[in-house]
Amino acid sequence: MKELIYLDNNATTRVDEEVINEMLPFFSEKYGNPSSMYPFALESKIPMEKAREQVAKFLNAARADEIVFTSCGTESDNMAILGILKAAPEKKHIITSAVEHQAIHTLVYRLEKEGYRVSKITVDEEGNLNLRQLREEICDDTALISIMWANNETGVLFPVKEIAEIAAEKEIPFHTDAVQAAGKVEIDVQKVGVDLLSISGHKIHATKGIGALYIKRGTRLRPLLIGGHQERARRAGTENVPGIIGLGKACELAGKFIDDEVHRVSRLRDKLEAGILEKISDTLVVGTRKLRTPNTTNIIFKYVEGEAILLMMADKGICASSGSACTSGSPEPSHVLSAMNVPLSVAHSAIRFSLSRFNTEAEIDYVIEQLPPIIERLREMSPLTPR
Amino acid sequence: MWQYSDKVFEYFRNPKNLGEIENPDGRGEVGSDACGDLMQLTIKVDPKTKVITDAKFKTFGCASAIASASVLTELIIGKTIDEAMKITNEDIIKVLGGLPNAKIHCSVMGKEALEAAVNDYLGIEQKKFEHEEGKVICNCFGVTDKAIEKAIREHGITTVEEVTKYTKAGGACQSCHLDIQEIIDKIRLEGKK
């Protein structure tokens with residue numbers, strides 16, 4: 001097997017052929033600006049609104065105009081948090097979790113420097129959220145709660161419905177970063193009762209450069225990008241029409257494939273995980289195996305460093321990722337694993353495998369076969385390996 | 001993905017002098033698994049000529065850490081202790097055909113492993129790494145906010161580039177530049193009060 005075996009779908013995904021086909025006419029045929037005043041503009045405007053409905057349906061939003069298109073998940077997250085804070089300038093307290101994606105993690109770090117007080121709800125060793133602490137941290141000064149739905153590194157799912165109930169009781173806006181949950185678990189914004197929810201196109205087989213923010217009707221929010229009246233003046237800037245069309249289609253497909261994700265993909269993930277744990281000694285899974293996304297497993301290979309594993313796997317055509325220092329561009333180990341009290345000595349040895357509907361059983365068998373000699377070789381090189 | 005040179009990949013895939021010398025004359029271990037890298041160097045030294053006759057390494061770390069350690073062993077074998085001590089991290093980088101900015105610390109670690117092994121051989125007690133006070137701002141070179149503040153005040157620094165010049169902070173991966181700028185801003189505001 002020489003082709004690429006892509007097990008890094010939490011980083012980005014392959015764009016679905018159906019998504020590409022849907023997008024193609026909007027580059028050189030129907031390229032009008034949706035805001036222009038001639039029928040040609042409607043040829044992009046009407047499909048754009050159809051895409052909005054597709055996204056709304058996928059999230060079970062009550063109305064399509066609760067969906068605002070953005071450029072990415074990070075923008076959606078920034079728009080939600082900064083937009084809420086600007087709309088309630090008297091409040092200076094933010095509640096989030098200790099394991100958020102950088103889009104939230106680094107943003108609140110900056111806000112802290114600007115004078116905001118930030119409470120980061122802790123997680124236990126399995127990555128489960130401390131709900132009691134969440135209740136205790138809420139105060140009159142709390143402007144918003146932003147807690148992710150699914151963790152990007154471990155796949156651990158948070159109890160968003162319970163968080164939403166706690167937030168609603170205290171009338172505090174609740175935003176969730178659902179970038180890693182979309183397409184993997186059922187998302188129903190009404191059932192959960194969330195006020196704001198971020199998704200990203202390229203994580204669900206649409207293109208990079210497109211995201212969306214669900215804003216429940218009535219939520220007080222100031223815009224981040226200011227300029228034209230696009231997106232009902234909530235997000236200025238000419239719309240990324242092809243990206244939006246693609247996101248709409250990707251959402252429709254994600255809804256269609258959700259059962260496949262839950263059953264087939266999770267079975268492949270379980271097979272991969274069991275195979276690795278059985279064939280390679282001194283390995284362990286990070287995070288609870290009960291409540292997590294069906295496609296993700298994060299495995300520690302003791303005594304060897306993540307980047308070295310990734311590069312050796314790459315020689316065999318296998319793509320995965322690590323939260324370790326060397327790959328993320330920052331020498332600090334993953335804040336997610338640190339928050340879970342994973343000892344630093346093994347946090348650098350964690351590899352995340354994330355599958356998609358495009359993965360096959362043959363690929364998983366191949367990875368299970370190729371990994372043991374790679375780990376063995378690197379353990380030979382490591383001074384940490386017990387002799 | 002780091003843009004490693006072919007040489008780095010070559011040494012990563014087929015490292016030279018991998019292993020550990022039994023009963024070595026000098027042993028150095030630097031870095032720590034907590035910061036993601038650990039390098040172990042063992043050397044054999046001819047007691048008469050002071051020539052390093054053999055060197056082996058083991059590394060827990062990324063491709064460039066493994067490659068740097070391997071290059072180091074090649075550079076020191078056949079050299080006298082004095083000659084070997086003149087080897088710098090830049091010599092390692094040169095053999096590797098360059099290293100990405102954020103990986104320069106791997107070559108620095110090679111140099112430190114050599115110093116530790118030679119000190120062990122000479123019977124000099126390894127200098128305990130003293131933690132400077134303050135919070136580490138530049139992770140690549142381990143520079144704290146206190147050290148940066150001190151440099152800014154002493155040299156009247158107004159730009160991030162100058163901070164890098166005086167303290168090395170921000171000289172590699174550059175992800176701390178915003179933090180350094182904030183320290184500069186803070187001190188400038190103090191001056192205005």
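Lettering follows sequence order; numbering is per chain, from 1.
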Please tell me if the side chains of A:Leu311 and B:Tyr4 come closer than 4.5 Å, counting only heavy atoms from C-beta onward.
yes
Under 4.0 Å between a Lys/Arg side-chain N and an Asp/Glu carboxylate O for A:Lys120 and A:Glu100?
no
Under a 4.0 Å N-O cut-off, is there an ion pair linking A:Arg379 with A:Glu376?
no
Answer yes or no: is there a side-chain heavy-atom contact under 4.5 Å between A:Asn359 and A:Asn9?
yes
Using every non-hydrogen atom in the two residues, find where A:Met313 and A:Leu371 come nearest and quote the distance to one decimal.
SD-CD2, 3.7 Å
Going by the angle between their ring planes, with limits at 30° and 60°, are A:His105 and A:His335 parallel, tilted or perpendicular?
parallel
Please check if any side-chain donor atom of B:Thr53 sits under 3.5 Å from a side-chain acceptor atom of B:Asp46, or the reverse.
no
Side chain to side chain donor-acceptor pair (under 3.5 Å) partners for A:Asn295, two or more places apart:
A:Asn10, A:Thr293
Using non-hydrogen atoms only, which part of B:Phe9 is less than 4.5 Å away from chain A: side chain, backbone, both, or neither?
side chain
For B:Lys146 and B:Gly134, which heavy atoms make the closest approach, and how far apart are they?
CG-CA, 3.7 Å
For residues 69-84 of chain B, tabulate all N or O donor-acceptor pairs below 3.5 Å that involve a side-chain atom, not counting sequence neighbours.
from: B:Ser70; atom 1: OG; to: B:Lys16; atom 2: N; distance (Å): 2.8
from: B:Ser70; atom 1: OG; to: B:Lys16; atom 2: O; distance (Å): 3.0
from: B:Thr73; atom 1: OG1; to: B:Asn17; atom 2: ND2; distance (Å): 3.0
from: B:Thr73; atom 1: OG1; to: B:Ser70; atom 2: O; distance (Å): 2.5
from: B:Glu74; atom 1: OE1; to: B:Tyr11; atom 2: OH; distance (Å): 2.4
from: B:Lys79; atom 1: NZ; to: B:Leu75; atom 2: O; distance (Å): 2.8
from: B:Thr80; atom 1: OG1; to: B:Glu83; atom 2: N; distance (Å): 3.1
from: B:Glu83; atom 1: OE1; to: B:Thr80; atom 2: N; distance (Å): 3.0

Which residues in residues 177-185 of chain B have a heavy atom less than 4.5 Å from any heavy atom of chain A?
B:Leu178, B:Asp179, B:Glu182
If you check every heavy atom in residues 153-161 of chain B against those of chain A, which residues fall under 4.5 Å?
none
